[in-house]
Each structure stands twice: as C-alpha cells, then as structure tokens.
Protein chains: 2
Amino acid sequence: MTVIEKVQKGLSVANTKKREPSHTTISRTLGVAIVTGEFEPGSVLPGEIEIAESYSVSRSVVREALRMLSARGLIESKPKIGTRVRARELWNLLDPTLLEWMFEAAPPPHFVRSLFELRLIVEPAAAELAARKKTARQLASMGHALEEMAKHTLSKPEGQLADQEFHAAILEATDNEMLVSLSASIGAAVRWTTYFKFRNNKKPHDPIEEHRALFEAIADGDGERARAVTIKLIEQAERDTQRVLEQ
Amino acid sequence: MTVIEKVQKGLSVANTKKREPSHTTISRTLGVAIVTGEFEPGSVLPGEIEIAESYSVSRSVVREALRMLSARGLIESKPKIGTRVRARELWNLLDPTLLEWMFEAAPPPHFVRSLFELRLIVEPAAAELAARKKTARQLASMGHALEEMAKHTLSKPEGQLADQEFHAAILEATDNEMLVSLSASIGAAVRWTTYFKFRNNKKPHDPIEEHRALFEAIADGDGERARAVTIKLIEQAERDTQRVLEQ
DNA sequence: ATACTTATATTCTCCGACAAAAAACACGCG
DNA sequence: CGCGTGTTTTTTGTCGGAGAATATAAGTAT
C-alpha cells in the first residue's frame, strides 16, 4: 500500500497506537466544539487561563492548541479582545481534519448537498482522466481491491477498506497531486456517509456491479463510459444518504 | 518583504497594517522553507532551541510556530526523534496558505499542470451551476466587477482585483460552500500566475471579451455556453502561463 | 461634544525547570 | 557471537510565573 493510498483511506501512516500530546487533544476538542456550532462564529472563546483550568492543563498547552486552530483559520486572537471564532466563509471546508470534526455531529443538509454536488463534478472527471492515464500497476491494484470488495461486501469494514483502496487507486492513476489532495478531503466525508448508512441498518444498494463496470471502462481506456458509470455510482450513494438523513 | 507578499498584500483586504505576532512570522518562514524544498521530506529540522536561537526568539514562540505547521500536516514531532518533515503526499495541497508559500519559489512544472487540469474540471462546472442558480444581486455584482475590469485592464492591480471579484461572484452564485472553499485555494495559485505573467512583460491576451461573454451566458442562464467560455478562458491562461515558464 | 489621557483586560513573549518518550548504548547471559 | 535487558541520553512535552504589548473602555480637559 502506497502512502497515497493510506492518505485516501485516512489511515495513520504508522499504524501505532500512541498517545497523542495534550495540545492535540485540546485542539481537537475545541475544534469540534467550534465546527459543530457550540461556539458560534463571531463569539469569543473563554480566555486562555479559563480554558487551561477547565481542562486541567497549563496555559502553554492551551496556547499551542489555539495556534493549531488559528492555523486552520478557525479563530483569531487579539490582545484585549480575546479569541474569537472567525466567520464560516473563512474556514477551509476542504481541510480533511475539519471535515472529520464536522462529522462528529450531523452536518447541515445544505452541506451534504454541496458535498455531493462537488463529487459529481470532480469524480467523473477523475475517472475519465484515470482511464486515459492509468498504468498497468495501478490497474492491477484496482483489480485486487475489486476482488476484496466483492468478497466482503460493503457492510464489513474489510469491504469498506477495499472500496477506499479502489477509489484511491483511481485517483493515483490520474497522476494529479491536487486531485489526490481534493479526494483525501472528500474521502473524509464519504467515510462518514458510509458509516451512517450501515449504522442505520438501511441495507443500501450494494454497488459492486457498478464498480466492476467502472473498472472495466478504465481498463479499456474508455473515458466516456468511466465518467457515466461514476455519475451513476455517486447518484446512487446520494439517494442512499438522503434516505438515511430523512429520518 | 518579498515581492509576492507585496502583491498579495495589495490584493487582500485593506488595512492589514498591523504587526503580526512573531510565532506567525516564524511559522511562515519555516513553512516556506519546507514547501519550497529547503528542508526535504523525511529530514529533521533543527531542534527547538537551535531554531529559537537562530531567530532570536524564545522556545515558546518556536513551539507555537511548529504547532501551526503540524496542524497543516507539514511536520511531525516526537521526543528523542526531533521534528521531521512529512511526506509531500500527506500535505493538503488545497490549503490556500500552503499554496501561497509554495509560490514563493517557482513551483515544479507537474504542479502547474495539475493545477490547470483541476481548474478545467472545476471552473467550467461551477460556471454552469452559476448560470442555473444565480440571483439578481449576484448578477449585479458580476456586472459591476466586469465594468471595473474593462476600465482598468488586467495589468493594473485594480483590474486584477475586479477579476477576482468577478470570479468570486460566480462562485457565490453556485450556492455551494465547498466549491467556494475550493476556489479560494485555486485563487491563491491564480494570483501567482497572473502576477508572473505581467511581471515578465509578456503582454498576455486580455481576456475582457471572454469575460463579457461568460457574464452574458450566465445572465441568460445558458449553462452550456458558460461552460464552453470558461474552458476557453482557462486554456488561454494556461497558454500564457506556459509561455512565461518556458524562459 | 470632541480630543486627549489613563485604566484595564487580554494576548504575546520570555524564562527556567522538570517529566516523558524513544532511540542508542552497555551489559550480561546463553 | 547473538540476543534480550536495563541504563543513558537526547529531544520534545508540560508546567508556572513574570513582564511587555495592544486595543478597548473609561475618564478628563478643552
């Protein structure tokens, strides 16, 4: 598995289960609170000392956590003013970490709509590119992922992992590093929708046949067909997701 | 202050005249060094104390700067190991700040190719969406930006600002917040190419007519035409950029 | 009422010390 | 010699305290 594939799947590159430093924890805790709307844009967070006391850490830890949030554009600090949450338009909604945080709660419907609209723009074009630029090695890696997927189905974690591997191989085949970054972000969101679809026992459509068709289109170098199949795949996923969100 | 910074300052929001905290400065300095390849991925940066001494700041400032870089996924710190630069595949190439840093030096050709490939995927689709979803207010804002652009031409900062306003209005009209984020990233890169095209006195093609055609297509709600014009626009920009990079 | 000065709250910066982690090393044992 | 085991050492992680800088808020004089 290449590093790129791991990125796509959101796996930590060193799969070790190490304890993270506390500034990371605090940063994520505050970040989740912000992106899920617990602190509204424009409002000011508690002062450094108060945060430090409420989490029982030192002020240095809090400051480093706040720097991590300000690097993401979530907050803005000024003396005498405090640390205020920046307007949502100033966030980078394509930051994979931000997306993960966002999915700690149910995201707003217009956000889900935006996501699928974006997928319908990007992924068909990527499939078309992949059909043109694929290498034999990448094709083999797609084929392997496809087999794994057929064996386990999407309801099991192994199958979901294979699905992500399959799509990662497609992205790698486009030979476009910005597309890879973009789909790393999208992947963070897709993982969430997949998770929710199966968590609610809704028995969604198993897209193995479409995946096979996509693979064959790419293998044949038929960009038009690859594009068409990808569109179908995403529209199906959107229907499944809508069904879950409606209740 | 570097030239690029001047350009960006001229184009960004007006009164950004205040001195930034030193952790921000250090973070950007180190970040630029990393993304321009001065520190290669996998290598370890100097220790916190060494960095602190070389910039004449305290270790706390350096630590906060490093946390900002680690939030961007550029570095990874471990006790006894040091702080090492993470693999380029783990960076988020759609982070606008990262892109700005990257353009402090001439970016690698395959990166520029990736960028225009991505623009050709995203922007035509966005134009089509905008043609379908535009509101009167957004249309008016596009019209105003177009006038400004025609008055000043792209060779002056006012004209470049108007150009950005025009495209921002289109993005806003798509009513898709992820698309807006995406083009904020792309915009950071586009500003660079615009700057370089004029810096080299190459007298590129002035795209005012195409912009007007795009505006009319959107106003008419003609998505197909909006898409076609946008493709032309980007292809022209790519040709201009290639001409500049060739020398 | 306006302009200027002062007070105040908050972040910004610095320092010095110790704790924790992980690699490197030394050592003993089979 | 090879191998596990404990020790050393280096580097980041955490802490508490102190003063400086900054921008709002309040007060004062004209």
Side-chain angles (χ1 to χ4, degrees), chain A residues 12-31 33-34 39 41-86 90, chain B residues 13-31 33-34 39-86 90:
Chain A
S12 112
V13 171
N15 218 355
T16 54
K17 183 104 182 249
K18 56 182 168 242
R19 238 192 39 236
E20 59 187 8
S22 46
H23 57 250
T24 306
T25 310
I26 307 282
S27 171
R28 191 181 47 237
T29 304
L30 291 174
I34 290 174
F39 293 105
S43 66
V44 310
L45 315 177
E48 292 172 350
I49 299 177
E50 295 175 64
I51 297 178
E53 283 170 356
S54 68
Y55 291 103
S56 304
V57 293
S58 76
R59 203 173 142 247
S60 318
V61 170
V62 173
R63 281 187 61 77
E64 290 176 20
L66 291 178
R67 292 294 81 76
M68 296 178 82
L69 295 178
S70 86
R72 291 211 155 78
L74 257 51
I75 59 174
E76 199 175 26
S77 299
K78 279 185 203 166
K80 172 68 184 176
I81 303 293
T83 301
R84 65 158 35 101
V85 180
R86 299 215 304 166
L90 296 172
Chain B
V13 191
N15 42 15
T16 50
K17 202 63 180 246
K18 55 188 161 229
R19 241 191 32 237
E20 60 187 5
S22 49
H23 52 77
T24 304
T25 310
I26 308 281
S27 172
R28 192 182 47 234
T29 304
L30 291 175
I34 290 174
F39 294 105
E40 287 187 6
S43 65
V44 311
L45 316 176
E48 292 172 349
I49 298 177
E50 296 176 63
I51 297 178
E53 282 171 355
S54 69
Y55 291 103
S56 305
V57 293
S58 74
R59 192 174 155 234
S60 317
V61 170
V62 173
R63 282 186 60 78
E64 290 176 19
L66 291 178
R67 292 294 83 77
M68 296 178 83
L69 295 178
S70 84
R72 292 210 154 80
L74 257 51
I75 60 174
E76 198 175 27
S77 298
K78 279 185 203 165
K80 174 65 183 178
I81 302 292
T83 301
R84 67 156 37 97
V85 180
R86 300 216 305 169
L90 295 170

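Below, chain A is the first sequence line, B the second, and so on; all start at residue 1.
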Quickly work out the [X] [atom1] to [N] [atom2] distance and round it to whole Å.
X	N	atom1	atom2	answer
B/His23	C/dT11	NE2	C1'	9 Å
A/Ile26	D/dT14	CD1	C1'	12 Å
B/Lys78	C/dA19	NZ	C1'	19 Å
A/Arg84	C/dA9	CZ	P	18 Å
A/Glu76	D/dT22	CD	C1'	15 Å

Interatomic spacing from [atom1] in [X] to [atom2] in [Y] - rounded to 0.5 Å:
X	Y	atom1	atom2	result
A/Ile26	A/Ser54	CD1	OG	7.5 Å
B/Thr25	B/His23	OG1	NE2	8.5 Å
B/Leu66	B/Arg59	CG	CZ	10.0 Å

- Item | Residues that B/Pro46 engages under side chain to side chain contact (heavy atoms under 4.5 Å, CB included), provided they are two or more places apart |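 Checked B/Pro46 against side chain to side chain contact (heavy atoms under 4.5 Å, CB included); matches are B/Phe39, B/Glu50, B/Ile51.
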- Pairing residues for B/Ser58 by the side chain to side chain contact (heavy atoms under 4.5 Å, CB included) criterion, not counting sequence neighbours: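 B/Ser58 satisfies side chain to side chain contact (heavy atoms under 4.5 Å, CB included) with B/Ser60, B/Val61 only.
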- Task: Go through residues 63-71 of chain B and report each residue with a non-hydrogen atom lying under 4.0 Å from DNA chain D, sorted by number.
- Result: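 Contacting residues: B/Arg63, B/Arg67.
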- Message: Please give me every residue in residues 42-54 of chain B whose heavy atoms get under 4.0 Å of an atom in DNA chain D, ordered by residue number.
- Response: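 Only B/Gly47, B/Glu48 qualify.
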- Between A/Leu69 and A/Leu30, what is the shortest heavy-atom contact and its length?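 So the two residues come closest at CD1-CB, 3.7 Å.
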Can you tell me which nucleotide in [options] comes closest to the side chain of [X]?
X	options	value
B/Arg59	D/dT14, C/dT11, D/dA23	D/dT14
A/Pro79	D/dT11, C/dT10, D/dT14	C/dT10
A/Val57	D/dC15, C/dT11, D/dT12	D/dC15

Residue list, salt bridge (charged side-chain N to carboxylate O under 4.0 Å, His left out) with [X], at least two apart or on another chain:
X	value
A/Arg86	none
A/Arg67	B/Glu64
A/Arg84	none

- Query: Sequence neighbours excluded, which residues qualify as side chain to side chain donor-acceptor pair (under 3.5 Å) partners of A/Thr83?
  - Reply: A/Ser77
- Message: Which residues pass the side chain to side chain donor-acceptor pair (under 3.5 Å) test with B/Thr29, not counting sequence neighbours?
- Response: none
Just to confirm, is there a sub-4.0 Å distance from OP1 or OP2 of [N] to any side-chain nitrogen or oxygen of [X]?
X	N	value
B/Ser22	C/dC12	no
B/Thr83	D/dT12	yes
A/Ser58	D/dT14	no

- Item | Over 12 foreign heavy atoms within 6.0 Å of CG, A/Leu90 | yes
- Starting at the 5' end of DNA chain C, which residue's closest nucleotide do you reach first, A/Ser60 or A/Ile81? A/Ile81
Could you list all N or O pairs between the protein and nucleotides 4-8 of chain C that sit under 3.5 Å apart?
none

